[in-house]
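Data first, discussion second: the structure below is written as structure tokens.
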Amino acid sequence: MKFIHAADIHLDSPLCGLASYPNAPLQTLRSASREAFARLIDAAIDEAVDFMVIAGDLYDGDWRDYNTGHFFVGEMVRLHQAGIPVYLLYGNHDAESEMTRRLTLPPNVHLFDSRKPSTHRIEDLRVALHGRSFKDAATTENLALGYPDPLSGWLNIGVLHTALEGYAAHARYAPCSLAELCAKGYDYWALGHVHEHAVLSESPWVVFPGNLQGRHIREAGPRGAVLVTADHSGIQTVERLIVDVLRWERLDIDVSEAADLPAVVALAGRALEHLLLSQCGNWPLAVRVCLQGRTSAHGLLFGLEAQLREEILAQAAALQGGRLWIEKLKLETSPALDAGQLAARADAIADLQALLAEVPEDADFLRSLSEDLQLLTAKAPLALIEALPEFQAIRRGEVLGLIDAVTPALLAQLATAEQANEAN
């Protein structure tokens with residue numbers, strides 16, 4: 001016996017972070033969640049699974065129209081024609097609404113009640129699926145406590161949309177503990193809500209399959225569902241089933257050995273090439289490049305973020321422009337000389353560092369600087385102001401954080417320029 005456990009499909013949820021990228025794969029971005037779901041249905045048919053479980057957040061909230069629902073119904077018809085039933089539980093994003101109540105689903109789709117826990121039995125397989133849908137999005141009660149006892153001699157599967165415990169990044173919907181789930185006596189817990197794949201227990205199996213398609217850089221890496229095999233003795237295997245169509249990756253690059261901007265760009269190019277070679281599939285990649293390390297180039301990069309980004313974009317285009325996109329470039333380098341080494345110098349740079357260190361205590365200076373910067377940013381185009389977090393911070397009068405961010409690079413730039421002058 002085989003079944004697929006999926007969750008957090010978020011049909012028609014947009015992908016974020018690439019729309020403004022020149023030549024971005026806009027059609028892929030718009031249709032990614034649908035294509036990933038269609039791949040899941042293809043896999044279910046190819047594997048001839050006995051049934052499918054969807055543990056919540058099929059949708060991404062209210063639809064703008066019925067097209068999302070019609071697409072889902074069409075995919076369910078494909079499973080119906082293949083003789084594959086689906087057991088669907090609603091989570092916080094698709095808690096029963098007018099549209100979900102009105103949508104007529106094919107006969108192979110079986111819903112879990114939202115008023116109380118219910119059990120669906122597959123008689124010929126002797127499988128019992130227990131679950132309860134969310135009626136309201138903000139369901140904060142422990143739903144698992146009310147789930148029925150397992151059926152003796154059957155394979156018991158609990159279907160639950162939950163934050164569980166210890167997932168602070170996710171809203172605490174239907175919270176419960178792993179110990180409570182394990183004590184229930186079920187063979188398998190098909191969970192949803194947490195977007196990262198996780199196997200929390202193997203006796204019994206407690207599994208988050210993760211979401212089908214990463215939607216932004218915080219959902220990096222492979223995405224999909226799980227394929228489960230079982231027999232009369234219980235669960236045998238739980239394997240990941242990867243179906244994403246575009247993959248997000250964070251690429252940390254150590255540039256500590258780089259002495260100038262061309263060297264930094266060369267290191268980035270090699271790292272991007274290695275990333276492409278390391279992929280076992282042919283997914284389009286949306287990459288956040290993070291330059292790190294203590295480097296003498298830190299001061300040289302000061303103020304050159306735009307040029308550096310263009311150089312790295314060119315590297316990506318040269319490697320595989322139709323498959324590789326840079327979501328964002330982040331400078332996380334630090335100066336080769338630390339604050340203590342600069343302070344030990346008996347020169348103007350050390351004096352400047354001492355003055356900058358006193359800035360947080362100088363309210364008059366901060367107020368004057370804020371006013372001057374606001375006058376400058378007022379002349380910038382609105383699109384630029386909205387695009388740059390630094391400009392938004394200036395408009396809010398939050399300049400201290402900017403000073404903290406700029407100070408190391410400014411001092412490093414001055415020290416580097418001084419060394420160049422001495423060498424000449």
Side-chain angles (χ1 to χ4, degrees), residues 1 3-9 44 49-59 69 72-73 76 79-80 83-164 173-177 180-194 204-209 225-226 228 230 234-235:
M1 176 180 64
F3 68 90
I4 284 176
H5 164 206
D8 302 289
I9 293 158
V49 299
D50 294 280
F51 58 94
M52 179 183 291
V53 177
I54 299 177
D57 286 359
L58 166 64
Y59 305 120
F72 173 67
V73 168
M76 292 301 96
L79 291 182
H80 180 51
I84 300 173
V86 178
Y87 297 89
L88 173 60
L89 180 141
Y90 289 137
N92 56 291
H93 276 276
D94 48 16
E96 287 190 325
S97 65
E98 281 300 312
M99 284 192 168
T100 56
R101 281 198 293 268
R102 290 179 182 177
L103 188 66
T104 301
L105 297 172
N108 64 318
V109 181
H110 308 279
L111 299 177
F112 287 97
D113 198 331
S114 63
R115 296 165 297 180
K116 60 182 180 180
S118 57
T119 298
H120 294 288
R121 294 173 173 82
I122 308 176
E123 297 289 343
D124 57 332
L125 298 176
R126 294 184 67 79
V127 171
L129 298 105
H130 316 280
R132 180 180 172 183
S133 289
F134 281 30
K135 185 171 182 62
D136 302 304
T139 296
T140 56
E141 63 180 294
N142 186 339
L143 299 181
L145 291 177
Y147 276 37
D149 293 335
L151 297 184
S152 178
W154 289 52
L155 185 78
N156 289 269
I157 300 173
V159 186
L160 179 64
H161 199 78
T162 176
L164 205 57
Y173 295 132
C176 61
S177 70
E180 288 172 329
L181 299 185
C182 292
K184 199 69 185 180
Y186 295 171
D187 300 280
Y188 185 95
W189 278 97
L191 304 183
H193 185 55
V194 173
W205 287 87
V206 181
V207 179
F208 282 112
V226 291
V228 184
I235 303 297

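Every heavy atom of this structure was used, including side-chain atoms; hydrogens, water molecules and symmetry mates were not. Worth saying up front: this structure is predicted, and the values here are computed from it rather than measured.
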Of all heavy-atom pairs between [X] and [Y], which one has the smallest distance, and what is that distance?
X: Asp187; Y: Ile235; result: O-CG1, 3.9 Å
X: Val73; Y: Leu105; result: CG2-CD2, 4.1 Å
X: Gly192; Y: His161; result: C-ND1, 3.5 Å
X: Ile84; Y: Val49; result: CG1-O, 3.5 Å
X: Ala225; Y: Pro209; result: CA-CB, 4.1 Å
X: Ala44; Y: Met52; result: CB-CE, 3.7 Å

Are side-chain heavy atoms of [X] and [Y] found at a separation under 4.5 Å?
X: Val127; Y: Asp50; value: no
X: Phe51; Y: Ile157; value: yes
X: Trp205; Y: Val226; value: no
X: Leu151; Y: Arg121; value: yes
X: Val86; Y: Ile54; value: yes
X: Leu160; Y: Tyr147; value: yes

> Which residues pass the side-chain contact (heavy atoms from CB on, under 4.5 Å) test with Arg126, sequence neighbours left out?
Replying inline: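 Per chain and number, Arg126 pairs via side-chain contact (heavy atoms from CB on, under 4.5 Å) with Trp154.
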>> Among residues at least two apart in sequence or on other chains, which ones pass side-chain contact (heavy atoms from CB on, under 4.5 Å) with Ala55?
In response: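 Ala55 satisfies side-chain contact (heavy atoms from CB on, under 4.5 Å) with His5, Ala7, Val159 once adjacent residues are dropped.
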> Can you name the ring pair (Phe, Tyr, Trp, His ring centres under 6.0 Å) partners of Tyr186, sequence neighbours left out?
Replying inline: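 Testing Tyr186 for ring pair (Phe, Tyr, Trp, His ring centres under 6.0 Å), a comparison that skips the adjacent residues, returns His130, Trp189.
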>> Using the ring centroid of each side chain, check whether Phe3 and Tyr87 are separated by less than 6.0 Å.
In response: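 So the answer is no for these two rings.
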> Would you say the ring centroid of Phe112 lies under 6.0 angstrom from that of His120?
Replying inline: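 When the ring centroids of Phe112 and His120 are compared, they turn out to be within the sub-6.0 Å range.
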>> Quick one: does any side-chain atom of Asp57 pair with a main-chain N or O of His193 as donor and acceptor, under 3.5 Å?
In response: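 Side chain of Asp57 to backbone of His193: no pair is present.
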> Short question: side chain of Ser133, backbone of Ser114 - any donor-acceptor pair under 3.5 Å?
Replying inline: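 It does not hold such a pair.
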> CZ/Phe208 to CG/Leu164 distance, rounded to the nearest 0.5 angstrom?
Replying inline: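 CG of Leu164 is found 5.0 Å from CZ of Phe208.
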> What distance separates Leu155 CG from Leu129 CG, expressed to the nearest 0.5 Å?
Replying inline: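 Answer for the CG-CG pair, Leu155 versus Leu129, is 8.5 Å.
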